[in-house]
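By convention in this document, chain letters (A, B, ...) are assigned in the order of the sequence lines, proteins followed by strands, and residues within each chain are numbered from 1.
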Number of protein chains: 2
Amino acid sequence: MKIGEWFERPAAWLDGDAASAVVVSSRVRLARNLEDAAFPGWAGEEERVRVWERLRASFAAVPALETALCIGNEEMTDLERTLLFERHLVSLEHARQGRGSGLALRADEQLSVMVNEEDHLRLQALSPGLNLRACWQRVNALDDALEADTRYAFSPDWGYLTACPTNVGTGMRASVMLHLPALALLDEMSRTVKGIQKIGLAVRGLWGEGTEAHGNLFQVSNQVTLGEREETLLERLEQVVRELMEHEENARGRLLEKRETLLRDQTGRAVGILGRAHILASREALDLLSALRLGIESGMLKDVDRRVIDDLLLRVQPAHVQWSAGRRLTATERDEARAAMVRGRLAAALERPRRRRKSDE
Amino acid sequence: MKIGEWFERPAAWLDGDAASAVVVSSRVRLARNLEDAAFPGWAGEEERVRVWERLRASFAAVPALETALCIGNEEMTDLERTLLFERHLVSLEHARQGRGSGLALRADEQLSVMVNEEDHLRLQALSPGLNLRACWQRVNALDDALEADTRYAFSPDWGYLTACPTNVGTGMRASVMLHLPALALLDEMSRTVKGIQKIGLAVRGLWGEGTEAHGNLFQVSNQVTLGEREETLLERLEQVVRELMEHEENARGRLLEKRETLLRDQTGRAVGILGRAHILASREALDLLSALRLGIESGMLKDVDRRVIDDLLLRVQPAHVQWSAGRRLTATERDEARAAMVRGRLAAALERPRRRRKSDE
């Protein structure tokens with residue numbers, strides 16, 4: 001499969017059928033390093049290239065990976081690497097690497113390996129909805145398969161050794177992406193975030209570390225990687241996620257019961273602006289799509305399929321807009337192209353059920 | 001004519017045919033006081049009632065007034081007085097007065113007299129478009145007619161005496177209301193306002209003194225009332241207004257030429273929000289209607305008659321919304337009623353030409 005074909009498709013983790021209204025996706029990531037090579041940050045380019053070539057060869061022997069794409073960073077354009085980042089298939093850090101780094105990816109996007117990001121190996125399982133256990137099993141199986149002919153840097157005292165001390169131990173970081181528009185609308189997010197941080201979990205925005213929560217999309221992940229079993233860490237995270245789901249559903253209930261007009265207003269404005277704007281920044285687009293998603297889920301907007309909105313959440317990202325245009329755009333042109341794309345897709349989505357109704361008559 | 005009937009009609013000064021795109025309306029107002037009665041601020045209620053009764057009787061004898069409504073403030077509800085204020089037929093100060101104050105109004109709203117506002121008499125001529133001379137002639141003729149059997153407080157040195165020293169002399173205040181959305185969009189208003197103030201004119205918002213320029217509606221008026229002939233004051237004001245018109249038209253030209261997408265965006269968003277919001281504050285409504293008005297005048301929105309928008313500029317005001325509802329509304333209910341009213345009228349306006357086109361087919 002060619003890299004270009006990837007970006008025509010909706011992102012697998014944004015699968016509208018499987019993802020719940022509140023939990024968008026789950027991810028479990030393992031950091032691993034080879035015993036006999038310098039960590040990527042210390043290695044020269046030639047050593048990194050050697051590691052990448054060696055690992056690339058070993059991926060072919062791992063059936064679980066069913067590698068559909070195995071590609072060196074230097075074989076991709078900046079834009080293609082950023083597209084992969086926007087699809088959550090690589091980290092921003094990885095997208096910035098050149099020769100000596102690379103990616104192996106399963107066709108369904110649910111399993112991938114970044115080579116020579118901060119660590120030699122970053123194994124990732126990604127799945128729509130709340131699916132931490134399945135992600136863990138999948139990434140764990142991949143880890144075992146790779147370990148069969150690779151010796152990892154491992155200390156009997158500390159566990160897996162990693163470039164950053166915050167990953168030492170299990171090397172595992174699990175995260176869940178949640179859509180929490182009702183809590184945000186009722187201004188209850190900052191209290192909620194503080195509560196989560198108190199129990200040792202991290203809350204971040206859509207694109208991970210240091211990003212704001214555009215589109216009311218929040219990632220909750222474990223901070224602790226050391227001194228506990230993976231299953232215990234996952235259970236604690238899942239417990240918190242279930243509580244967050246309950247909070248959000250409760251907030252949605254309160255909105256519907258006591259502030260239905262506010263919901264209608266937010267939904268109406270989102271349809272109105274997305275359907276008619278000619279200049280649309282990515283941040284505003286995400287926030288309005290978030291309102292629309294809530295509107296659909298609360299029954300305020302019956303004519304639009306949520307998958308259209310979920311797909312747009314991906315396609316309004318800068319690199320995706322750039323890619324759709326097929327040429328280099330300035331920031332201004334990008335905001336215009338984004339608006340035109342959203343107008344078109346939304347008009348088509350609103351037109352579709354109308355036609356269906358007409359043909360029913 | 002009954003007071004209630006007034007509020008069904010569009011405001012005469014917002015007559016879409018006569019008003020230009022930039023100049024909405026012109027107004028000339030004269031402050032006069034009786035020689036033989038204490039000024040309203042010094043008079044007791046009984047003396048104010050005597051003055052009102054006496055002037056009320058004299059209005060009947062003035063053919064130019066063709067008085068369609070002659071009504072004491074105590075005969076009106078607070079809401080009715082505020083409605084008159086929102087229609088620019090009385091001042092806010094006058095709307096706040098009770099027994100002993102009153103209003104005489106010609107059926108076409110182009111001529112009116114407030115009794116016992118700050119002065120005994122405030123004569124006002126109001127007209128759509130740039131029409132200062134006609135306003136002056138009309139109000140001057142009314143002044144002469146009233147003076148035939150009334151002695152005004154007049155000093156050979158100072159001219160007409162008034163409650164506030166800023167009105168002494170001619171007692172004349174002329175003002176022009178302009179819609180300046182392009183200058184505002186290009187961020188050129190504050191520079192423009194400073195230039196106008198330097199030459200001794202005042203710039204205020206839609207509702208006069210101390211109000212912000214909601215809806216990009218600005219009132220320009222003379223500050224000087226003393227030491228110059230009325231015609232000279234009017235000429236100077238008209239000259240500045242013509243320059244402002246040119247600036248605004250120039251700004252619109254630049255927008256169309258260099259930033260057409262921005263114009264399209266503003267118009268589209270305004271249609272989108274006004275057409276779909278369920279909660280709409282008066283300030284936001286005015287600003288969006290302003291964008292729509294500019295959109296129509298720049299050819300971005302061809303399907304909507306500007307008169308619909310001009311009428312809405314009046315009907316989104318709090319008292320008008322309240323009056324339409326026919327019952328006392330809380331601020332929240334008012335924002336909801338305003339949104340519903342705007343949605344309905346805009347949908348009807350957008351539907352009309354579509355039907356017309358269909359029947360043409």
- Message: Looking at A:E243, I want to see if its CD is surrounded by more than 12 non-hydrogen atoms of other residues, nucleotides or ligands under 6.0 Å.
- Response: yes
- Item | A:R269 side chain to B:I279 backbone, donor-acceptor under 3.5 Å | yes
- With a 4.5 angstrom heavy-atom cut-off, which part of B:L274 approaches chain A: side chain, backbone, both or neither? neither
- Item | Passing option when A:H278 is tested against B:R264, B:E260, B:M300, B:Q266 for side-chain contact (heavy atoms from CB on, under 4.5 Å) | B:R264
- Item | CG on A:D335 to OG1 on B:T261, rounded to 0.5 Å | 11.0 Å
- Item | Heavy-atom proximity to chain B below 4.5 Å, by part of A:L263 | neither
- Count the heavy atoms of every other residue, nucleotide or ligand shown that sit under 6.0 Å from CZ of A:R259, and state whether that count exceeds 12. no
